[in-house]
Structure formats: C-alpha cells, structure tokens
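Report on the following structure.
Side chains included, hydrogens not; waters and symmetry mates left out as well; all remaining heavy atoms used.
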Amino acid sequence: MIVVVTISTPTLDEFLGQSAQERIDWANSSDGHTTGILERLELFLSFARPRTCLPGMLAFYLACKMLGSAIGLDVFIGFAITFLYSAVANLFNGYSDVEEDNENLPARLYLLGLYGRRRLLRSAYAVCLLMLVLAAFVSPVFVLMTVICIVIAHQYSLPPFRVKARPVVSILLFALDVAFPFLMAPAVAERGPAVLGNWPFLIMAAYLFVWFAAKGLVKNLPDYHGDKNAGLLTSATMNSTRLRAAIGAATGTIIVYLGPAILVASGQFAVEYLLALVWFPVVCVQCARMILRDDNHSANNMLRFDMVVSTGYLSTWILLVDPSISSVAVVAGSILVIFLMDALKLDTRRKKDVV
C-alpha cells in the first residue's frame, strides 16, 4: 500500500508563528506551492523587483545620450540587458539570503517557499541565458560585457566569493550596478573607442560609481539589526551601533548629491547641470529619516522612497543632457514602472512584509 504525504501550505500568520529554524527548513525544502502561471509570474516579478532595476538602465541611456548614440535595436537590447542585470542580481539574492531574510523580512522567506527556492535559482539562470542570447544580437564585445554583468550579479550573493559578506568590496561591487551599465554604452556607439579622450563621459562614469557606492551604504541600513543577528558583516553592521551606521550613510549621501556642483566646477559640465541640485533638499530629508527613525517600518519606507529619489535624480540628468521626446518617454516609462509595481504590490520589500 502506497501512502502519499501531502505537505500543506501554511498561511503567512502560521508561518510567522513558527520558530526561526522551522521557517528556514520549510523554505529550503519547498519545491513551490503555487499551481497557476499567473501566481508564479507575480512571485517571480516580486523577487526580480523591477522597481529597483531602473538605475542601471537609466545610466546606460544617459551614457548613450552623452555619446550621441541613435536609438536603434542595439540600444533597446542594451535597455533590456541592463534592466535584467539588476533583476537577476535580485533573484540570486532572494535565493541566497535565507538566514538574513528570516531575521529582516520573514514574509519574503514565506514567498520564497511559495515559489520554490530551487525554482527561483533555475529562473535566475534562465534570465542569464536570455541576457546572453540578446547580447549576441549586438556584438561579441557586448556578449563579453554581459558575461561580466552575470558574474558580478552571481558572485555578489553566491559562493565561492559571496562578496556581500565583505563590507568594503561589496560596496564597490554594488556601485557597478550603475557604473558598469554606463560603461557598456560605448559598445553600441559608433564612436565607442573614442571615450578614452571624452572627459565628461569618464568623469560622469566615476561620479556614478561613487554616487551608487553611497547608495550601498543606505541600502544596508534597514537590515542592520537582522544582519547583525544573522552574523552577516556589512557596511552597516561593521559599525558598533545603528546610529553610527546611519550617520555614515547620511554623510556619504549628502556629499554625493552635491556632485553636480563639483562636476560643474571641474569645467567639463555647463552651469545648467546645477539644476540637478533640485534633489538636494529631498535628500536632506531622507538623511534625517535615516538618523532619527530607526524602527523597521520607517527604515524600509525610507529605502523604498530612496529608489524613487535615485530614479528621479538620474532622470533629471538625462533630461538635462538630452531634453528630447525620446528621453521624456524613457523617464516617464521608468516612473510608470515604479508606480505600477507599487500598485500591484509586486515586490518583496512591501510595507506589509515588514514585521
């Protein structure tokens, strides 16, 4: 006689009521509890987190405009690959951070069990394959750069290097989420090799690297206590207190958002680029929130809004460089993605997921 054992799907409340080890064991052993294609797609998008995938794509577009590239098939493929670069990094992160998410966002661990942890890893590799196929339509150089994107996304979260557990190196690698897509643009530009003498382009690449490194300090802040409990050493937990981590992140943020003034002072950018400083007051409010509000809900709300600020800031640079209809369309589309994902609640760092 064959006995079939059916593992029931717990509700979120039942899951949260379990011990930490029971939650981890369930997520690790789950092959998925979803049956409908639509439900799987919703969970996949939640782990891919499209609202966080815009800065790299916008940086790529900004570089294309600075190089005077025409908007053709190669650029559209670049859009897709630089967007998917961040998405696949999110998928790998969702697969790897079981213990950390159990401390910081246990509801995300519940979603992982619903989707299936191994299925999420297979989905991430499928996205990697899609990126390589798309890159093949551009050039061998673009394929090589796409491979580098995949390696960075993979090794940020997964062995053998798992760079995110190395505070300094992880911030530098995280900064490449924006800086590297910017540097991919010459591969689709007619005068790509000429960038070595293009000082505005090179200065902007360096600035975006530093700017997003500061973003890395901010994104680690909401998970300070959970990462500390999980034993993960990050740019935040290397500080003795959360307050010290918040002050460091706020200081770095204020400095990088003064960047337009520094770039104009370099003599390589026209004075109208000072208009990007319009975001500075908003950033100051964000920094105050980092320091003064340390509860989980406030910290995660700050982080979610910070992605709006990042998208808006890059969009401002794009419109200053190229105030064309195509640029307005790209900016409007990016804003639409954020609001659409928020409206559909397709994210794994939603307000209701924070406990």
Side-chain angles (χ1 to χ4, degrees), residues 49-62 82-83 86-87 89-90 171 174-179 181-182 204 207-224 235-236 245-263 273-294 296-321 327-328 330-343 346-351 354:
R49 308 191 67 202
R51 75 188 306 278
T52 70
C53 300
L54 300 168
M57 184 195 77
L58 291 174
F60 173 79
Y61 182 78
L62 174 62
T82 52
F83 184 90
S86 296
N90 289 334
I171 291 298
F174 179 79
L176 291 177
D177 275 4
V178 161
F182 186 87
M204 179 57 76
Y207 171 63
L208 289 179
F209 180 83
V210 176
W211 173 68
F212 220 63
K215 291 290 175 184
L217 300 179
V218 175
K219 70 100 177 174
N220 285 333
L221 195 57
D223 296 338
Y224 177 88
S235 61
I247 292 173
T251 302
T253 299
I254 287 175
I255 291 172
V256 296
Y257 274 96
L258 288 172
I262 299 172
L263 297 184
Y273 290 104
L274 289 175
L275 289 172
L277 289 171
V278 69
W279 288 97
F280 189 72
V282 179
V283 168
C284 289
V285 174
Q286 282 287 87
C287 290
R289 294 173 71 187
M290 293 180 210
I291 296 171
L292 300 177
R293 303 289 297 274
D294 63 352
N296 284 348
H297 283 280
S298 296
N300 277 281
N301 287 341
M302 178 278 298
L303 186 61
R304 287 175 56 79
F305 185 69
D306 199 64
M307 186 52 62
V308 177
V309 175
S310 299
T311 301
Y313 184 66
L314 278 174
S315 296
T316 301
W317 273 103
I318 287 171
L319 295 177
L320 288 173
V321 170
S327 293
V328 171
V330 169
V331 168
S334 299
I335 296 172
L336 179 62
V337 167
I338 290 181
F339 285 100
L340 188 60
M341 292 301 104
D342 286 349
L346 295 177
D347 194 58
T348 54
R349 196 180 276 270
R350 301 167 298 182
K351 292 180 180 180
V354 180

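Leu320 CG to Ser315 OG: the interatomic distance, rounded to the nearest 0.5 Å, is 11.0 Å. Separating the CG atom in Leu176 from the CZ atom in Phe212 is a distance of 10.5 Å, to the nearest 0.5 Å. Here the CH2-SG distance, from Trp279 to Cys284, works out to 13.5 Å after rounding to the nearest 0.5 Å. Separating the CG atom in Leu217 from the OG atom in Ser235 is a distance of 5.0 Å, to the nearest 0.5 Å. Taking CG of Leu258 as the reference point, atom CZ of Phe280 lies at 4.0 Å (rounded to 0.5 Å). Between atom CG of residue Asp294 and atom OH of residue Tyr224 there is a gap of 11.0 Å, rounded to the nearest 0.5 Å.
Residues satisfying the ring pair (Phe, Tyr, Trp, His ring centres under 6.0 Å) test with Phe60, not counting sequence neighbours, are none. By the side-chain contact (heavy atoms from CB on, under 4.5 Å) test, Ala214 is found to be paired with Val256, residues two or more places apart in sequence or in another chain being considered. Scored by the side-chain contact (heavy atoms from CB on, under 4.5 Å) test, Ile335 finds Val331, Phe339 as partners (sequence neighbours excluded).
Across all their heavy atoms, Pro50 and Leu346 have their closest contact at CD-O, 4.3 Å. Summarising the geometry of Tyr207 relative to Gly259, their closest heavy-atom pair is CE1-CA, 3.6 Å, with the distance given to 0.1 Å. Minimum heavy-atom separation, Ser327 to Tyr61: OG-OH, 2.9 Å.
Counting heavy atoms from C-beta on, the side chains of Leu303 and Leu221 never come closer than 4.5 Å. Contact check for Ile171 versus Asn220: side-chain heavy atoms found under the 4.5 Å cut-off. Inter-residue side-chain proximity for Asp223 and Arg349 is flagged as met; some heavy-atom pair is nearer than 4.5 Å. Put simply, the side chain of Phe83 does not reach to within 4.5 Å of the side chain of Pro181, judged on heavy atoms. With a 4.5 Å cut-off on side-chain heavy atoms, Cys53 and Asn90 count as touching. Met57 has its side chain out of reach of Ser86: every pair of non-hydrogen atoms, C-beta onward, lies at least 4.5 Å apart.
The backbone N or O of Gly312 lies less than 3.5 Å from a partner atom in the side chain of Thr316, making a donor-acceptor pair.
Residue pairs meeting the salt bridge (Lys or Arg N to Asp or Glu O under 4.0 Å) criterion with at least one member in residues 296-315, sequence neighbours excluded, are Lys215-Asp306, Arg304-Asp342, Arg304-Asp347. Residue pairs meeting the salt bridge (Lys or Arg N to Asp or Glu O under 4.0 Å) criterion with at least one partner in residues 246-257, sequence neighbours excluded, are absent.
Aromatic rings from Tyr257 and Tyr313 are positioned such that their centres are separated by under 6.0 Å.
The only member of Leu263, Leu58, Leu208 that meets side chain to side chain contact (heavy atoms under 4.5 Å, CB included) when paired with Trp317 is Leu263.
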Please tabulate, one pair per line, all N/O donor-acceptor pairs under 3.5 Å involving side-chain atoms of residues 245-253, not counting sequence neighbours.
from, atom 1, to, atom 2, distance (Å)
Thr251, OG1, Ile247, O, 2.7
Thr253, OG1, Ala249, O, 2.7

